[in-house]
There are 2 protein chains.
Amino acid sequence: MAEQAETLRRTPLSRDRILRAAVALADGAGIESLSMRNLAQDLGVVPMALYKHVANKDELLEGMIDLVVGEIDPPTPDTDWKHGVRQRILSARQVLQRHPWAPLAIESRNMATPAILSYLDSMIGTFRAGGFSVDLAHHVMHAMGSRILGFSQELFDASRRAGRSGTTNPDPPTALPPEIAARFPHVAEIAMAASHDDTSVLGQGCDDQFEFEFAMDLLLNGIERLQQQGWTSSPGRRETSAASHDA
Amino acid sequence: MAEQAETLRRTPLSRDRILRAAVALADGAGIESLSMRNLAQDLGVVPMALYKHVANKDELLEGMIDLVVGEIDPPTPDTDWKHGVRQRILSARQVLQRHPWAPLAIESRNMATPAILSYLDSMIGTFRAGGFSVDLAHHVMHAMGSRILGFSQELFDASRRAGRSGTTNPDPPTALPPEIAARFPHVAEIAMAASHDDTSVLGQGCDDQFEFEFAMDLLLNGIERLQQQGWTSSPGRRETSAASHDA
DNA sequence: AATATAGGTGTACGCCGTACACCTGTCAAG
DNA sequence: CTTGACAGGTGTACGGCGTACACCTATATT
């Protein structure tokens, strides 16, 4: 009877249950805590049990990525390509912000997962439906790069670390240590300006969302201009980029 | 005398020698082969000997990154900002192509190394000298993102793998397997067009260098336009991106 | 000649992914 | 009702990892 109770107490393992637990573990404790052993423990099971449902850790990661990418909103029908793409990317961004480990996990694997391929495919579809040539759609996808997936890796990030460890971000502005400010005056200047973000006249400090949209719109506007002027890949001057290297 | 010979035969360890050997190992055998044990073996030394010169593996990585970033050409004096930035970035790209493990290594650490900071600082300096406001320079740096360091991570990459393993890239065009082409028609369409790269009229296929410059120039041209029209951060409509979300 | 110090060595610990043999409960066929 | 296959959880073990810590040994200094 104790045995029956125990048997009933935990739902039997399944690939889906494993993937969800893995995502939760990575979200909560950071990707570096995601080991087969830790994951098994969270599921009340012995490590090798997982291998009855996933081939190996790499396949586990792949499944996790697909789960996450599947959270991105489907395309909005009946909008022009620009707003359609914009909304989709912002949705992707929201999703990947819930799973801070995902950008690195995605970047570090060498082949796209099915869910990513499907996402990319539908975005290309949006461009094509908006009148883009195959070529322009191709180059545009490259140009948007990882921003298409809602992330632009920041070089000095500080957020991508572990999951909730008590307080979320209790750092005071942390003006850079003076010896660093001296060595890198321009970096310091920007950091200084950005830390005056008491909604001063010139800015929202270093507001991630703002920076993201700034770059995305810069690209989208440039793309729109190319498309409106009927861009084709100007076979004549192939050594220079076709994005109207104007000067 | 055998002892003397042995003592003389190998230069004594040094931080620099270790870092260079580590870079060589990562270049040649892939970053996943870079273990303290392998590295020590390459140097004819016992693993723990390394720890007399580097604190731990993380610091080793940091040193490797700084070594690599130090290979980037210094800024060209007496050019306008646009060409100055362009050249510097193309130099960075060349460097990082020699060290395919570096982009991921850079992205996966959470704090910038001194050499990276110094590189970023001098690039901000170029923008400032070109008449950019602190704010605009700030946003522009974010917008360029990792392209500033010469890489834009490709989602389906295939190159970032191991180092030279005999033949470099003997793959025939590898038209995607038909069941994938069926599921992702737009991806297939692009892949199809790109594989007709027998210098057909519309393109150089999927030429990495072309894609990189295309995106870079798209950004640089958009930035130039912002700067010429005296961009300021339009405090009025803060919920929308300042990169003239025009429509 | 005595001693401090820098730098290479050897052993050992705890973590990791996972191969492989094993057990056990369920369910279909005889 | 028995039997046997099979799906799925278990236990043990192996090789690799980063690295703590005690040790040895040349060289340099007093």
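Lettering of chains follows the sequences in order, A, B, ..., and the numbering in each one begins at 1. Keep in mind that what you see is a predicted model, and the values were worked out from it rather than measured.
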Between [options], which nucleotide gets closest to the side-chain atoms of [X]?
X: B:Pro47; options: C:dT18, C:dT9, D:dT19; result: D:dT19
X: A:Met48; options: D:dG9, C:dG8, D:dG11; result: D:dG11
X: A:Lys57; options: C:dG17, D:dG18, C:dT9; result: C:dG17
X: B:His53; options: C:dG17, C:dG8, C:dT18; result: C:dG8
X: A:Ala49; options: D:dG9, C:dG7, C:dT18; result: D:dG9
X: A:Tyr51; options: D:dT10, D:dA20, C:dT18; result: C:dT18
X: B:Pro12; options: D:dG9, D:dT19, C:dG8; result: C:dG8
X: B:Val45; options: C:dG8, D:dG18, D:dC17; result: C:dG8

Taking the side chain as C-beta and beyond, is there a heavy-atom pair between [X] and [Y] under 4.5 Å?
X: A:Leu219; Y: A:Met216; result: no
X: A:Arg147; Y: A:Ile89; result: no
X: B:Phe127; Y: A:His186; result: no
X: A:Asp208; Y: A:Arg93; result: yes

Distance, rounded to the nearest Å, where [X] contributes [atom1] and [N] contributes [atom2]:
X: B:Gln41; N: C:dG10; atom1: CD; atom2: P; result: 14 Å
X: A:Leu50; N: D:dT10; atom1: CG; atom2: C1'; result: 12 Å
X: A:Arg17; N: D:dG9; atom1: CZ; atom2: C1'; result: 13 Å
X: B:Glu32; N: D:dG16; atom1: CD; atom2: C1'; result: 14 Å
X: B:Arg15; N: C:dA6; atom1: CZ; atom2: C1'; result: 17 Å
X: A:Leu61; N: C:dC16; atom1: CG; atom2: P; result: 15 Å
X: B:Met36; N: C:dC15; atom1: CE; atom2: C1'; result: 17 Å
X: B:Leu13; N: D:dA26; atom1: CG; atom2: P; result: 17 Å

Please compare B:Asp58 and B:Lys52 by the position of their nearest nucleotide in DNA chain D and report the one closer to 5'.
B:Asp58
Would you say the ring centroid of B:Phe210 lies under 6.0 angstrom from that of A:His139?
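Yes, close enough.
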Once hydrogens and angles are ignored, does a donor-acceptor distance under 3.5 Å link the base of D:dG16 to the side chain of B:Arg37?
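Not at all, since no donor on one side and acceptor on the other fall under 3.5 Å apart.
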